[in-house]
Structures are given as C-alpha cells and as structure tokens.
There are 4 protein chains.
Amino acid sequence: MKSFNKQKLELAEQSPAELMQARRAHLEKLTKTSLRSISSPSFDISLASTKNCENLIGKTEIPLGFAGPLKVKGDFAKGDFYIPLSTTEGALVASVNRGCKAISKAGGIYVYIEKSGITRAPLFKTNNLRESRQFVTWINLHFKEIATQIENTDKYLKLLSIKPYLTGRNVYLNFTFNTADAMGMNMVTIACDRVIRDYIEKKTKVKCIALSGNLCIDKKPAWKNKIEGRGFSLQADLTIPKGVIKEVLKVDVSRIMDVYTRKVLVGSSLSGSIGFNAHHANIVAAIFLATGQDPAHIVEGSLGTTIMEAIGENLYVSVSIPALIVGTVGGGTQLETQKEALTILGVAGGGNPSGTHAKKLAEIIAAAVAAGEISLISALASSDLARAHKSLGRGEKI
Amino acid sequence: MKSFNKQKLELAEQSPAELMQARRAHLEKLTKTSLRSISSPSFDISLASTKNCENLIGKTEIPLGFAGPLKVKGDFAKGDFYIPLSTTEGALVASVNRGCKAISKAGGIYVYIEKSGITRAPLFKTNNLRESRQFVTWINLHFKEIATQIENTDKYLKLLSIKPYLTGRNVYLNFTFNTADAMGMNMVTIACDRVIRDYIEKKTKVKCIALSGNLCIDKKPAWKNKIEGRGFSLQADLTIPKGVIKEVLKVDVSRIMDVYTRKVLVGSSLSGSIGFNAHHANIVAAIFLATGQDPAHIVEGSLGTTIMEAIGENLYVSVSIPALIVGTVGGGTQLETQKEALTILGVAGGGNPSGTHAKKLAEIIAAAVAAGEISLISALASSDLARAHKSLGRGEKI
Amino acid sequence: MKSFNKQKLELAEQSPAELMQARRAHLEKLTKTSLRSISSPSFDISLASTKNCENLIGKTEIPLGFAGPLKVKGDFAKGDFYIPLSTTEGALVASVNRGCKAISKAGGIYVYIEKSGITRAPLFKTNNLRESRQFVTWINLHFKEIATQIENTDKYLKLLSIKPYLTGRNVYLNFTFNTADAMGMNMVTIACDRVIRDYIEKKTKVKCIALSGNLCIDKKPAWKNKIEGRGFSLQADLTIPKGVIKEVLKVDVSRIMDVYTRKVLVGSSLSGSIGFNAHHANIVAAIFLATGQDPAHIVEGSLGTTIMEAIGENLYVSVSIPALIVGTVGGGTQLETQKEALTILGVAGGGNPSGTHAKKLAEIIAAAVAAGEISLISALASSDLARAHKSLGRGEKI
Amino acid sequence: MKSFNKQKLELAEQSPAELMQARRAHLEKLTKTSLRSISSPSFDISLASTKNCENLIGKTEIPLGFAGPLKVKGDFAKGDFYIPLSTTEGALVASVNRGCKAISKAGGIYVYIEKSGITRAPLFKTNNLRESRQFVTWINLHFKEIATQIENTDKYLKLLSIKPYLTGRNVYLNFTFNTADAMGMNMVTIACDRVIRDYIEKKTKVKCIALSGNLCIDKKPAWKNKIEGRGFSLQADLTIPKGVIKEVLKVDVSRIMDVYTRKVLVGSSLSGSIGFNAHHANIVAAIFLATGQDPAHIVEGSLGTTIMEAIGENLYVSVSIPALIVGTVGGGTQLETQKEALTILGVAGGGNPSGTHAKKLAEIIAAAVAAGEISLISALASSDLARAHKSLGRGEKI
C-alpha cells in the first residue's frame, strides 16, 4: 500500500475539492467503508481545508432547528429573536421553545454583559522567587509598552490587563484582551508570542516556557473562570407572573422552588460542581454548533449559576454565565451554514469595531440559556421530563 | 402576520421534508434572511425531525477531517485506527495527527476501561432525617426488586448499584446502569421514572421531587464525576522512545517535562481546575461531533488527567478520562454522516449485547486524547504553538 | 554560646520536668525573654514530652467555657449535654449557648452517624498501566490476607476496605479502617507500613513510594472527603417551632431563610467553597481544642453542609458533617484538662471495643455545630452580629 | 435544681475569678465530674471572661514546644527565629525542627508578602438585576465616601477596595481592608455595619440582608481565597544543597521528587483538594495555637501550594500561602501564654502603625511551613514516617 504522504504529493496539483475527494476515497479504501453522506459539503472547501480542518474528507451534518421568538432586553440585543439550535437530542428544541414562550409572555428578559475579556496566560520560569518578584515588578512597570506592541499586531486587539500569578519560580502572566467581534484565542496567542519573543524575553532575560500555562484557563472547567470570568460574563433576569407559569409551564411556583433549591443549589453543592444550574451546557452547545463557535468552549459555558426565587406566586429567575466565549468573525463562523445561523440573529460578520455583534450574540445566548433553565426545571417540577424524552427522543406521538 | 402555530396546523398534511422547508421559508420571512446552505440535509428528515430536533429547518455542516493511523492496544479496540474529527479550529487535526504518528511509531498505546456505568440521581423529599434514613434502608433492602423492574423496561438495561446521598430531608439516589451500546441517558431516565412511580413511591410514600437532583451529575463539571467516574472511566499509557520524540515531536524530554509540570500540574492547580490536562476537551469535542455524541457531554469529557514522566530520555505518558459518555446507537449516532464516521472506526450500530461497540469507541477516544496531549505539549515545548495557529488557523503556508 | 544539642546531652540525666525547665531557661536566654506564664503545666510532663510534643517548654492556655444544656437524640449520645468550648473569640460561646437553648426548647436534635472509617492511602509506583491494573487486581484478590495482617498489629483496628485510585503508573490504595475510640491516624499509618513492607511489596514487587499519597486526604480541604466521607460522617436535624424562633432567636423564619439561601447556598457556591455552612469550623475548633483532638483536622471539620427550610412558620434545620475526625483515647485526649472536658461529656477514655465513646463525642459535636449554625444565621438575620461582637469581643456591657 | 440563669444573678456581685469558680462548681455538680486541672488559669480572668470566652470555667492546656533556629530572610522577619509550637501530635515538633535545620544550613529562606487584606462581604438584596447594576455603579462612584466613613471608625483601619459579586438580585460587596497588626475580623465587621446602616442603606435604599454573605469567605475552604488571597498571601523559597539533603534529611533529591510529584501534585489533584501540600495545616495550627490566632482560620491556612524541583542534585523548594489570617493584637494574642510566645518571635503587641508585627509573624509562619514540608516529604521519601510516629507518638525510644 502506497503511503498517504506519497499519495499527498501526487495530489499536490489538485484543487482543494479534488484533494478532499481523493483523501476520502483513500480512507474508504483503507477502512473498507463507503462514505457517501459526508461528501459534498456546501461550505467553501478551499477555505475550510486551510483555515478550519486539515486532512479534510467532508462534513458532518447536525440537525438545525430553532426556538422563539424570544424577547430580549439587552444593551446590544433588543427585540424578538429566533434562536438557531443544532442538536441531536430530542426534546431540547421543544424545551427551549417553551422557555422562550414563557419569557416572551412575561415581557422579555433583561440581560447585560458584566465584563468581558479573553485571556491567555503564558508561563515563565525564573531562577527563584526574588527574580519572580522582580519580573512581576518589571511587567507592571512596562504595561504600556507591552500593550502598545500587542495592539500593533492586530487593529482589533486591545490589552486590558496583565495579572501575575506566581508560585516560586513559576510566573504566569494572565493577559486579558478585548478582541472585538472575534473569539480571539488565536489572535491573542500570536500577539503574546510576538511581544514575549521580541520584547519581554529580550529585556528581562526571563524565559517563557509555554505560551499557555493553564492559568488562562482554556477548555478546562476551573474555579478561576467562574470567579473572575473569561470571555463574556453575563447576567440576565426576569420575573414570570403566576399566570404565565400556569399557562405555559403547567406548574406553580412552589413546586418549581422545591425542585430548584434541592436540585440546583443543594444537589450541585454535594456533587462538587462548579456549575450551579440545570443544563446551561445544552443550550450553549446547541447555539455554539449552530453559529460556528468552538465546541470545546462548551466547557466554560457550563459554569454558570441559575437563581430562582418565589416572589409571592410569581417566579423570579436569573442566570449568570461567567465565561461565555464567542465571536462572530473567524473560526467556524465563516462557514456557510454557520454564517446563515448568525444571520438569523442579525450578527453575521463584524459589527462596529468595539465588537457589537459578538456582544449581541452573547446576550442572546444568555437569554436562551434562561429559557432552557425555566423550561427544564418546570418540566421536572411537573414530572413530565421522562414523558417528554420518551415521546420526542424516541419519536413517538406526544 | 399569521402565527407560527396557525401555520403549523395548515402544514400538518405535509411530509417531514416539506414541513422543514416550510418552516425554513417561514423563518426566512420572519428574519428577512436567505437560508440556502442550511437546507437539504443528507440525513433522514423524518427520523431527525422526530428523534433529534424539533422545529427542524435544516442542518449545520462541520468540516470533517481525520487523523491516523493510530495504533491502539485496548481490550476492545485493537489495531490501527483512523480517527474522524469534526472541527472548525485550524491546526487541531494536524496536531492530533502528529500525536498519532508519535504513538504509532512508539508501538501503540495501551488502553482499558477501568469502570463504566451511566448515572441518574432522582431526588426525594422526606419529612425529616429519621425518614430519610429509613428510606435509604428500604432502598438497600429492595435493590433486587428495583433492579428487576428497571431491567424489564429495556432489555439492554442493567442496574449496577444505587448509592444514596442525603442531607436532611433531601435524599438523592444515584442509580448506576449498564446501557450496552447506548449512551443511555434517556433510557435510564424513563426506567427511573417508571420504577419510582410504580414501585418506590407507592411502597414508601416518599415523594420524588425531581427525576434528576444534580447528583448524577449530568453536563455540569463536578468533582463527583472526576472522583467516582461516570459513563466510561478510561486509562491509557505508553512510553515514547527518545528517537520518536526527536523525530516526530521535534523536541526533547526535558523540555516537555518543564512545560508539562508547570502547566498541567501546577498551572491547573492554581486555577482551581477539575481537569489536569492540556486540551482533552478539544479531541473529545471533535470525535463527539463526528460520531453523533451529545456535545454537552464534552463538559464531562474535559475532567481528565494527563501524566508525563521522564524515564531516562524517553517520555512516559498516561491519560485518565474519568467520565466519557458515549454510545453507538440512538441519539445522534443514527444520522447518516455520523454513522459513516462510526463505520470508519468499525463501531456503527450495536455490537454484542454487552456493549462492545461503545467500549471500543471509548478506548479509541482515550487513545486519540493521548495523541492530542502529546502533540500540544510538545508544540508548546518547542515554541511553535503560535506559529502553527498562525499558519493553519489563518490559512497561510506553513 | 553552647549549642543546644550539647546542652541536651548534659541534661540527659534530668527528669522530664527539669528538662522542660532547662529548655525554657535556655530559650529565654537565647531570645532575651521572660517566659513565666507558659511554665508549670498541670499535665503529666513526662507523658506529654514523649507522646505529644518534643522540645517541650511548657503550655499554652486557652480559655475554656461551656454551652448548654443541649438535648441530643443520637444513637450514642442521648440526653442533655454541656459542651466544653475552648476559644479566644468573644461571642462564640454565647452564640452556641443560644443555639443550644433553641434546640433544647424545640425538643432536642436527632443525630446519627451515617458512616465511619479513617483512611490512609499509600502510594505505589509501577512500571506502567498494565502493571498498575495487575497490582490492583492482586490487591482485590488478597484483601482478606491484608486485613488479617493489619488487624494483627492492633486489636482495636479493623480494615473495612481498600479502594484503588490510579492514573498511569501511580496507584493509590485508599485503606479505610475502623479504629474504635482512637482517632487512629498513627495506628493506621503503622499498620499500613507493616503490611506493605512485610507482605504487599514482597509479594508483588511493586514499590511503595510514600505511606501517604494525598488521596487520604489528611488535613487538606478536598472534595473527596466531602463526597466520600472520612472519619465520622454525621447527619443531624430538627424543626424549631415558630415560638422558639421568636423567643430565643428574636427573629422570624422568613428573615432566616432570606439570609440562609443567599449566604450559605448561593454565596458559598460563588466562592468555590467546599463547605456550605455559616461557621461549622468555629464550633468544631472550640470542641476539638477542649477535648484534645488534632487541630489540623478542623480543616476536614469545615466541609459540612447546613440546610434550612421554612415549614410554614417553623424552621427545619439539618447539618451534614462528612469528615469529623475524632477520638477519645490517644493523642491530646490523655492530657489532664482535655480529659476533664471529655469527662463533662461522659466520653473520657475508651468505651466498649466498637468505639462508643468516639461515636458519642461525634454525635455531640454534630449537635453543637447545629446550635452554632442556628444562632449565627439568626443573628445575621436579626442584624445583631456586629453589635454582639462589639459588646462581647471588645469587653463592653451588653 | 436551680436554673443557671438564676444562679448567675446571685453571683452578680462576685469577681470574675469567683464567678468562674462558681460556674465550674456548678458544672461539676451538673455533670457529676471533678474538674480540677482546668481551674486556675494563669491568664487575666477578668479580661478573658469579657473578651475571649463567655461562661468561662477555666482553661485548656496545650503542650508547647519549639523548633529552631530558623533562618528567615524576609522583608519584616530577618534573622534566626525559634518557633513556638503548641501541639499534641507527637513527632510534629521534631519534624519541623529538622526542617528548620535543613533550611538554616542551606543559608535561610527568602520570604515576602505578595499581598494583604482582610475581607468582609456583606450581602444586599435588590429588586432585580437592573437595580443590582445601578447599586454596583453607585458603590463604585462613592468608594471614597465609604472609605472615609469606614476609616473614621478605627484609626488602624484602611479600606483598600470594594469588589462586587452579583447574581440576579443578590449583590455581595467584598470589602478588603488593611487592619495593621490586628487580625481585624471584628473591627471590619463593625465598620461595615456602621457604614451600611448610616450611609449605604440610607442613600441607596438597598437593604443589607446579612453582614457576611459567604463571599468573604471566612472559615470555609474556598477557591476564591486560594485564587484571590485573604489576610496575608505569602511566598517563600530556597534551594537546599545536595550535602544538606543527605546530612540532615537522610535522603536524595530524586527520591524526594518521586514522592513530591506523585503525592503533592498528582495525589492532591485526584482528591479534589484546594491545598496542594503535604501538611501546611499542621504547622499553621501549632503556631496559631501558640500565638493566640483564631484556630478556625487554620482552614484558610491549609490552602497553600508547595513546589519542589530538582536542580541538579539540589532541591528547590517554595511554598505559597494564599490566605494566612493572623494578628499580634486583640483576640487570643492578649492572653499571657500567647503573648509570651509572640515575645519569643519579637512580635508581641502592635508594631508600627502599618502592621509590622503581624507581617513579621506571617513571614515567620511561612518559613516554618516550608520547614514542615521539607521534613515530612523527606521522611516519606526515606520511609521513616511510620517509624517516627511509632517512636515519638507512642513514647518509645528512638
């Protein structure tokens, strides 16, 4: 059998689409399979094969549904939105849809971005603590120079702060950036690399050991991101009147509170969970897939808190999402189906330079997460979770 | 504007595909967009619209690449595998591919399933602790009866244990199941519901407040799942000889260890992370999407530990993944492109009744995660992370 | 200046008391201080200097007060108890006392030990995962032999289980023991050491790297102990009638719940706390010091959960303490003042061989912790925390 | 039996010492015990009974030993120190002493305070998120006024920052203070109470629900304090030459590293521990008891990180202690034996107004913690932990 590398060379003259087909054919032969459905993506193969996915052989298709309208009262997202949701879990779209209905009937949900900033924390090694301390002092004194150099690498990049964490010889510099409408991890990694090589290492003689020292902390579930935030940190709330609870959610506030307190607060605490919620991750995942976000960031998206309180017979609900990492340019957002999903929300491509599209998207996601929480907790309270899964997930009549 | 519900009624006579197109057209009108790319999925619309996604309007396409061959020495996965990876993050496939090469050149990776069992923890409310204690005693005494009833709901379902967690009036019964080749969350939720309504509540008069009390704990990042495991708990290891490190990874063991210890062990600990790894979530996410797993379970997939040790000039590597939640039947696995990806791995559909396909898939994922860890940490150690992202993620020549 | 070692030799013929005085005089000279108050302890100097504290120079005195009577309805502790509390924090004894009054007026508190077992987790290093797996299998197969050997080292020692945790080459064997009335850490460390040297290492050729591998996990705050328990895991509860809340606690149930939910549940969750309580550690600390427990185990004593619920206008309260590590023989319990404090509770020295004194002490502590929680949360709810601290902590008139 | 309250009234004319004896006699009668050893404390009974301990009946005695000399190279602690240690755990003083010897022979340990500030986080309730946001804005705008009012309550008090944490209607304002040589919890609670009642509530009409909302977070083990620090956050390090390792610690660097990595880093991570160390809590506890600190703060003192690295055949060691809560005035520090222990360290009473005594004490504790870590990990590495406990803890010959 000819080696694949050899094969690749021979294919060098071919178009990206031809290369993709050739790779696919090669894999079919190697694995004795027929891979028809994955072929013929509707995205730009040339772009995808260079920017999104090496060794491209085709595409995976995820069913796309929508929920809404969802009335959002944000700083950036104002009005009624239809939420694109990519999912394979029966009942999820229906559930979020019910939550949207409850929210909209209640007059909409207030939402805002408490803070924002994507982080990258390169790791430096000094000879000892005395040097670590001097190094930190030097960094603090030269923040302005570092910021200038970083901001020169990309016009959409703004350095907000550098927060040092140290233990002995290890110094982690947690850089926080504004990256406008881009999610920005690549942009900031490249910018950090440059300023470290060209400036910090040269001036201080302190060696950078790794561009990421896990203090960022990217794609791992960590208390630091819960407490300090990463990407967008959002807050949303509303009060659902008694009538809407009864009509839309088919339950009453006291049963909701009975479930909420024992499950979301007490149950999560006994599990050692960072997230205190019912299923933030489900809604975050479905919108992330629909709109081209990095699915590994669902991890950070799961860290949030849902608050429910009985106010008389009405239900007060808030969700806090400390680390929502999204963008509307770059990465998966440039793929055709994802771009269309962003269009549904009115946030495709870049907004104004301060990142209005990404912020609007973040606010909509927070609102949709609230919809998902309201619906699931109500469903548990009215005992119909298993029934819904049975009828929807397994395709039976409701 | 005609209400969507009204619209739906009129469409009731139409085929699932027609309904999907009508919904899409409706949404285009509502949002003044053109949604061409999302239309015309290759999956079975009738199936997807009833089992995977309500309000279906089309599909999201994710670029699909592959890495490998990856030599795996598991109990279930034996031989060379090509790993399907759905991703939009440039450099990821290339990185995993390099890791596969290092592993295969080193003679392959040993992997096994330490334990398995999916969980569901319904929440009960008693009047006081004395009753909670009696209730727990009753449950322990009637395990056999409960198991029989549960196993009658589904021939692939086996109840392994019921572990009670209580605090005052709140009793969480953590049911653990073997669900063969199915991921099984729906199956076990339905089974729990039935045995609770028909047997436990009737006999004990203790009320189930919610079918899930967050002690499971599903789709939230929690220490309980790290410590006790959920779904499949896997271990994998190998030793990479000095020569392979140099040739494939372009670095040496001492630099890898310098990065590894300070980043993965110390850095994670300072962040309050549950996961002690470089980027398990990336590889888990890419295979989950390719093979139709639930993307919200990437959260649990991020909890793992990577161990690296210098053994002379060779590198010892192990990965532990405590909570990998996968299946090869049901949910997203029945979609066409996902089924093809499973076919590449030889695990499409059900294996034998004990769940050999799901176990094989789990072992392959653990091996691929190791490949991803080896490659990324080596890249950081050889300082080329930013360069790789720049060239691949932004589409420039390497 | 003569070296202290030299000095020690010359003093070798002296009595323990003379040695203590000589050391103290030596230290006074070295540090140019006068150390009169620390001299002349009432405990047995010979015993203390060999079993509790090397380089003995005297004693520290902590003020000892008491709270109560506290009506306890436990399996081991039944009746009214007066709780000895050693503390230097003004207002603590008064606060616990008020809680005792509320509990006793409410008819007492139900308490029981959910499970018990002290742990030690020696750490082994194998050559690879295959060996780790074999080693674990061997351990499981030879549990009985290991138990026999361990139980031969001490008649009060019973091995309950060995639970392996592994990651790659590292195998942590979590031994759990019943140690009767002794706290038992020393006893189990010695027993582990012996069985490892004499049996496990010899038979398996697997090397024990450290007698404790931090999986125990002793004197560090860890989710494992919260979730799985260590030492005694206790549960306690009661319902306080509206009248008692008003009369003793000077507040009403709705204000208590307002504070409780937002502080103990939500506030703790946002802080990344393992303990979900108001101040378990305060009460645990005061009783630990009074009764000769190891003060570093206050760490584990802080991990508990307090639950409060409004039941109409009455208040339901429970406390769960997952890891209370106490004994009534050995260590500090043999010191005179500590023994007297144990006498107050009727638990000095060993009870029957199954450890009834330690269990009774544990139940009393859980009840006292509940008293502390009830009082502090009520005080916060009635806004008088600062006032109490001001008047008591600073010595003013109430 | 006459009620104790009645009894108290009759005793009202008596001196504090007489009252103490009467209470003790009363308790002896009630519990049918003889409490001779706890009587006759050497501390000022009048002071202790009003400021430290209500219902005073006597004292608990803890054996006091010392370790040292320990060479410290801090910003505040410079020179050789003898460390007072109150403990009942045989082997602890001997172990710390060996660590001191290793450090001093290595030329001493560098230590500094990275940051400091005690916190109190009162909890406010608004009507909704919009109000929470406005409230936070108002607080930020009026920081100066709040600081002025707070600083007027106590000349040693300085408000450093107010950091808001919010979720929905709950707003936690985390006040951080400099309290000079006082530990300061009471001082800051009183100051917060006053500024809230007299200013914040009046101006904003937002109600303070509790003076502490568990975001502080006091006496509970929490990631927030690990990550952001509380009280004093310290760093210390040194390199121990090969010769000292061999001579004093009886082991070599490679065996130390084998234990350290697998136990302190990997073992802690698998346990879900916040502390990554061997036994910080032991040393913190012993010095806290000796010097009159609040023993419930041992919880925060257990959160630290120990780093060990082989540098050739030498051993690099650092300890990071994020939340050491100590003072040299107020609370237990004014008791006679505690004051003498502070005198041994040259830090009794207040230093200059910026808190030099408390800072010096904090630095010494960090150095002593390092001594304890070095000794215990070396002991484990040289396999003599069990032997040491056996001979010392049980009083046998070494």
Side-chain angles (χ1 to χ4, degrees), chain A residues 31 33 35 37-38 42 48 50-56 58-65 86 88 90 93-94 186 189-190 193 210-211 213-214 217 219-224 259 263 267-268 271-275 281-282 285 295-296 298-299 302 332 336-337 340 343-344 380 386 389 393 395, chain B residues 31 33 35 37-38 42 48 50-56 58-65 86 88 90 93-94 186 190 193 210-211 213-214 217 219-224 259 263 267-268 271-275 281-282 285 295-296 298-299 302 332 336-337 340 343-344 380 385-386 389 393 395:
Chain A
T31 60
T33 51
L35 306 173
S37 301
I38 67 165
S42 61
T50 45
K51 294 196 176 175
N52 298 111
C53 185
E54 301 82 46
N55 270 358
L56 187 72
K59 61 29 162 127
T60 298
E61 286 186 1
I62 321 259
L64 175 67
S86 292
T88 63
V93 174
N186 278 359
T189 303
I190 293 163
D193 185 49
L211 271 176
N214 270 19
I217 173 176
K219 303 179 176 177
K220 273 83 64 184
W223 277 105
K224 186 167 176 297
V259 170
K263 172 191 174 72
S268 301
S271 295
S273 182
I274 305 179
N282 266 337
I298 297 166
V299 173
S302 72
E336 272 68 9
T337 53
E340 286 183 2
T343 309
I344 295 173
L380 286 165
H389 268 290
Chain B
T31 59
T33 51
L35 306 173
S37 300
I38 67 165
S42 62
T50 46
K51 295 196 176 176
N52 299 111
C53 185
E54 301 82 46
N55 270 359
L56 187 72
K59 75 354 172 145
T60 299
E61 287 187 0
I62 320 260
L64 175 67
S86 292
T88 63
V93 174
N186 278 357
I190 292 163
D193 184 49
L211 271 176
N214 270 18
I217 170 175
K219 303 179 176 177
K220 274 82 63 185
W223 277 104
K224 186 168 176 296
V259 170
K263 172 190 173 74
S268 301
S271 295
S273 182
I274 305 179
N282 267 337
I298 297 167
V299 173
S302 72
E336 273 66 11
T337 53
E340 285 183 4
T343 310
I344 295 173
L380 286 166
L385 178 71
H389 268 289

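Owing to the predicted nature of the structure, the values given are computational and were not obtained by experimental measurement. Chain naming here is simple, since letters A, B, ... match the order of the sequence lines and numbering starts at 1 in each.
Your options are Pro295(A), Gly267(A), Ala48(A), and the one with the most heavy-atom pairs under 4.5 Å with chain B is Gly267(A). In terms of non-hydrogen atom pairs under 4.5 Å with chain A, the most contact-rich of Ser268(B), Ser86(B), Ser42(B), Ala285(B) is Ser42(B). No other option in Thr343(A), Ile344(A), Val259(A) has as many heavy-atom pairs under 4.5 Å with chain B as Ile344(A). Put simply, of Ile298(B), Thr33(B), Thr31(B), Thr60(B), the one with the most heavy-atom pairs under 4.5 Å next to chain A is Thr60(B). Highest contact tally toward chain A, considering only Glu340(B), Lys219(B), Glu336(B), Lys59(B), is held by Glu340(B) [criterion: heavy-atom pairs under 4.5 Å]. Counting heavy-atom pairs closer than 4.5 Å to chain B, the top residue among Gly272(A), Gly332(A), Ser37(A), Ala210(A) is Ser37(A).
When atom types are taken as modelled, the side chain of Ser273(B) and the backbone of Gly275(B) share a donor-acceptor pair closer than 3.5 angstrom.
Contacts of Lys263(A) classified as salt bridge (charged side-chain N to carboxylate O under 4.0 Å, His left out), with partners at least two apart in sequence or in another chain: none.
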Apply the test side chain to side chain contact (heavy atoms under 4.5 Å, CB included) to residues Ser271(B) and Lys220(A): give CA-CA distance (whole Å), side-chain angles for both, the deciding distance (0.1 Å), then the verdict.
CA-CA 10 Å; Ser271(B) 295; Lys220(A) 273 83 64 184; over 6 Å; no
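Ala296(B) touches chain A through backbone and side chain together, each having a heavy atom under 4.5 Å away. Both the backbone and the side chain of Ala281(A) come within less than 4.5 Å of a heavy atom of chain B.
Here the closest heavy-atom approach between residue Pro63(B) and residue Thr88(B) is recorded as CD-CG2, 4.0 Å. Taking each heavy atom of Val299(A) and Pro221(A) in turn, the nearest pair found is CG1-N, 3.5 Å. Scanning all heavy atoms of the two residues, the minimum distance from Val93(A) to Asn55(B) falls at CG1-CB, 3.9 Å.
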